[in-house]
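Sending over a structure as structure tokens; questions will come in a sec.
Letters A, B, ... are given to chains in the order of the sequence lines, protein chains preceding strands, and every chain is numbered from 1. The figures that follow rest on heavy atoms only: side chains count, while hydrogens, waters and symmetry mates do not.
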Amino acid sequence: MKIVFAGTPEFAVPALRAIYETYGDGLVAVVTQPDKPQGRKGILTPPPVKEEAIGLGVPVLQFPRIRDCVPELAALHADLMVTCAYGQILTQEVLDLFPMGVWNIHASLLPAYRGAAPIARAIIDGENVTGITIMKTELGLDTGDMLLSKSVEISDTDTADALTGRLALLAAKLIPEALGRIGSGKYSLIKQGEGFTCKKVQRTQVDFSKSAREVSALVRGLSSAPGSWGSVGGLILNFFYALPAEGSGAAGEILSADPKTGLVVACGEGAVRISMLQPAGGKCMADTAFLNGRKLQKGVRFDQPVL
RNA sequence: CGCGGGGUAGAGCAGCCAGGUAGCUCGUCGGGCUCAUAACCCGGAGGUCGCAAGUUCGAAUCUUGCCCCCGCAA
């Protein structure tokens, strides 16, 4: 069975590795997004999947638009393709290249959270369970029939990073099993019910008028990318971790800001302790470390987002 | 040449503009007090002030060059 793997970010790396370990040379090529300029200096950075593929010695293909590169893909004469956070929409032409189909690894329990950023969305929404679904890819966005899925619990202290890591490992565990079934031809698919599609998440200014629970979920869901932030006294702070804490006050009011108790900010309902943050120009640090050097006045309020 | 912040003790910062004894908070180590502590009191250790050159009697501080880190934006 000749397999092509299409994926891009860190999330796809364990799955790629699992396929390589199971099928070895059966993994004939890895398709990934082109290197993108990153950072202030615009350094061209290869996506994680590319680096992993090179390490494994698997040929790498990077198409600016995969739909324009059907001949190159066809030349591989592969039997099937696995996609995992590849980052490009496939066309029917692409799908038709693979006799055994194109299969997608998606980080949610479909039909919930189709589309982009399912992991961040699940945390932000306060879900307590999500998972991995492996499904047949069709033209609709994550609407194909499901082969198998497995759930993972979300704790109310989870960050997107942590959850992404766990889901990536689960994906790596499931994909060999899925490919085994597909290879044997003995499998059945389940149709998806009514679902919804979510959009990409953006860097968001925290609205402290929401409840502590919601604020915490937002911060954890966007940590560490694309991030949530707030501004107080002309200072921009990126938030990495926040949990509900004791206290109450006007939304955005700093209830405590000393190195012992940490940074506690009042929300519309309850309060949150922002325990990991990053000042503009600085590194990510604990609130206690931050407060050792920068004094924040108790009672001062964080700016509310302008709508 | 996209805009901007920064590099001073293990951590986070002040000091720089108006050169002249290396400071603060936290941590750490030792001692004291307390039934107790995110408590308090006393004491100690710990620093090539990013690197190099220059100006000067004297540079963390002024000048020039270089290295590194980071926030936005893309």
Checklist entry - Taking CD1 from A:I236 and P from B:C3, how many angstroms apart are they, rounded to a whole number? => result 19 Å

Next on the checklist: Taking only the P atom of each, what is the distance from B:C68 to B:G27 in whole angstrom?
Outcome noted: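 The answer is 35 Å between these two P atoms.
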
Item to check | Shortest side-chain distance from A:A289, nucleotide among B:A38, B:C69, B:A11 | outcome: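 Of the candidates, B:A11 comes closest.
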
Checklist entry - Given atom NZ of A:K283 and atom P of B:A11, what is their separation to the nearest angstrom? => result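 So the two atoms are 10 Å apart, to the nearest Å.
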
Checklist entry - Between B:G30 and B:A14, how far is it from one P atom to the other, in whole Å? => result 32 Å

Checklist entry - Which whole number of Å gives the distance between the C1' atom of B:G15 and that of B:A9? => result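 Comparing C1' positions in B:G15 and B:A9 gives a spacing of 15 Å.
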
Next on the checklist: I'd like the C1' distance from B:A45 over to B:G7, given in whole Å.
Outcome noted: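 24 Å, rounded to whole Å.
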
Next on the checklist: Under the ring-ring contact (aromatic ring centres under 6.0 Å, His included) test against A:W103, which residue among A:Y187, A:Y86, A:F5 passes?
Outcome noted: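 Exactly one candidate clears the test, A:Y187.
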
Checklist entry - So do A:P9 and A:Q33 actually touch side chain to side chain, heavy atoms under 4.5 Å? => result no

Next on the checklist: Using atom C1' in both nucleotides, what's the gap between B:C62 and B:U56 to the nearest angstrom?
Outcome noted: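 Each nucleotide's C1' atom is 10 Å from the other's.
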
Next on the checklist: For A:S256 and A:T261, which I'm curious about, is there any donor-acceptor pair between the side chains at under 3.5 Å?
Outcome noted: yes

Checklist outcome for this item: Closest non-hydrogen contact found for A:S231 with A:I236 is CB-CD1, 3.9 Å

Item to check | Below 4.0 Å: OP1/OP2 of B:C72 and any side-chain N or O of A:N238 | outcome: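 So the side-chain polar atoms of A:N238 do come within 4.0 Å of the phosphate oxygens OP1 or OP2 of B:C72, strictly under.
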
Checklist entry - Expressed in angstrom and rounded to an integer, what is the separation of A:L291 atom CG from B:C26 atom P? => result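 After rounding, the reported distance stands at 12 Å.
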
Checklist entry - Does A:R17 pair with A:E21 as a salt bridge, N-O distance under 4.0 Å? => result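 Result for this pair is no, no salt bridge flagged.
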
Item to check | Pairwise C1' distance for B:G31 and B:C13, with rounding to whole Å | outcome: 29 Å

Item to check | Nearest-nucleotide pick for A:T261, side chain only, options being B:A38, B:C69, B:U25 | outcome: B:A38

Checklist entry - Which base, if any, makes a Watson-Crick or G-U wobble pair with B:G12, both distances under 3.5 Å? => result B:C24

Checklist entry - Looking for any heavy atom pair under 4.0 Å, which part of the strands does A:D258 touch: base, sugar-phosphate only, or nothing? => result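 No contact at all - A:D258 keeps every heavy atom at 4.0 Å or more from the nucleic acid.
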
Checklist entry - When you measure from the side chain of A:N292, which nucleotide among B:A73, B:G27, B:A11 comes out closest? => result B:A11

Checklist outcome for this item: Rounded to whole Å, the CD1-P distance (A:I274 to B:G12) equals 19 Å

Item to check | Gap between atoms CG and C1', on A:L237 and B:C13 respectively (whole Å) | outcome: 15 Å

Next on the checklist: Looking at every non-hydrogen atom in both residues, tell me the closest pair between A:A257 and A:L263 and how far apart they are.
Outcome noted: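 Closest pair (atom of A:A257, atom of A:L263, distance): CB-CD1, 4.2 Å.
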
Item to check | Whole angstrom value for the distance that separates C1' of B:C13 from CG of A:L235 | outcome: 13 Å

Item to check | Span that lies between the C1' atom of B:G12 and that of B:G47, in whole angstrom | outcome: 15 Å

Could you go over nucleotides 4-6 of chain B and give all protein N or O partners under 3.5 Å, atom names and distances?
from : atom 1 : to     : atom 2 : distance (Å)
B:G5 : N2     : A:G281 : O      : 3.0

Checklist entry - Any side-chain donor-acceptor pair under 3.5 Å between A:E138 and A:T143? => result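 Yes, A:T143 and A:E138 have a side-chain donor paired with an acceptor closer than 3.5 Å.
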
Checklist entry - Taking only residues two or more places apart in sequence, or in another chain, which ones meet A:N238 in a side-chain hydrogen bond (donor to acceptor under 3.5 Å, both in side chains)? => result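 Once residues adjacent in sequence are excluded, the partners of A:N238 under the side-chain hydrogen bond (donor to acceptor under 3.5 Å, both in side chains) criterion are A:R203.
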
Checklist outcome for this item: The nucleotide from B:A39, B:U25, B:C72 with an atom nearest the side chain of A:K260 is B:A39

Item to check | B:U21 to B:G58 separation - C1' atoms, rounded to the nearest Å | outcome: 13 Å

Next on the checklist: Output the rounded distance in Å from CZ (A:R273) to P (B:A38).
Outcome noted: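 Roughly 13 Å, once rounded to whole Å.
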
Next on the checklist: Side chain of A:Q278, heavy atoms from C-beta onward: which of B:C70, B:C13, B:A38 has the nearest atom to it?
Outcome noted: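 Side chain of A:Q278 sits closest to B:C70.
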
Item to check | Between P of B:A38 and CD of A:E246, the distance in whole Å | outcome: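 So the two atoms are 16 Å apart, to the nearest Å.
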
Checklist outcome for this item: Paired to B:G54 by Watson-Crick or G-U wobble criteria (both distances under 3.5 Å) is B:C62

Side chains of residues 126-135 of chain A: which donor-acceptor partners sit under 3.5 Å, not counting sequence neighbours?
from   : atom 1 : to     : atom 2 : distance (Å)
A:E127 : OE2    : A:Y113 : OH     : 2.8
A:T133 : OG1    : A:S108 : O      : 2.6
A:T133 : OG1    : A:L110 : N      : 3.2

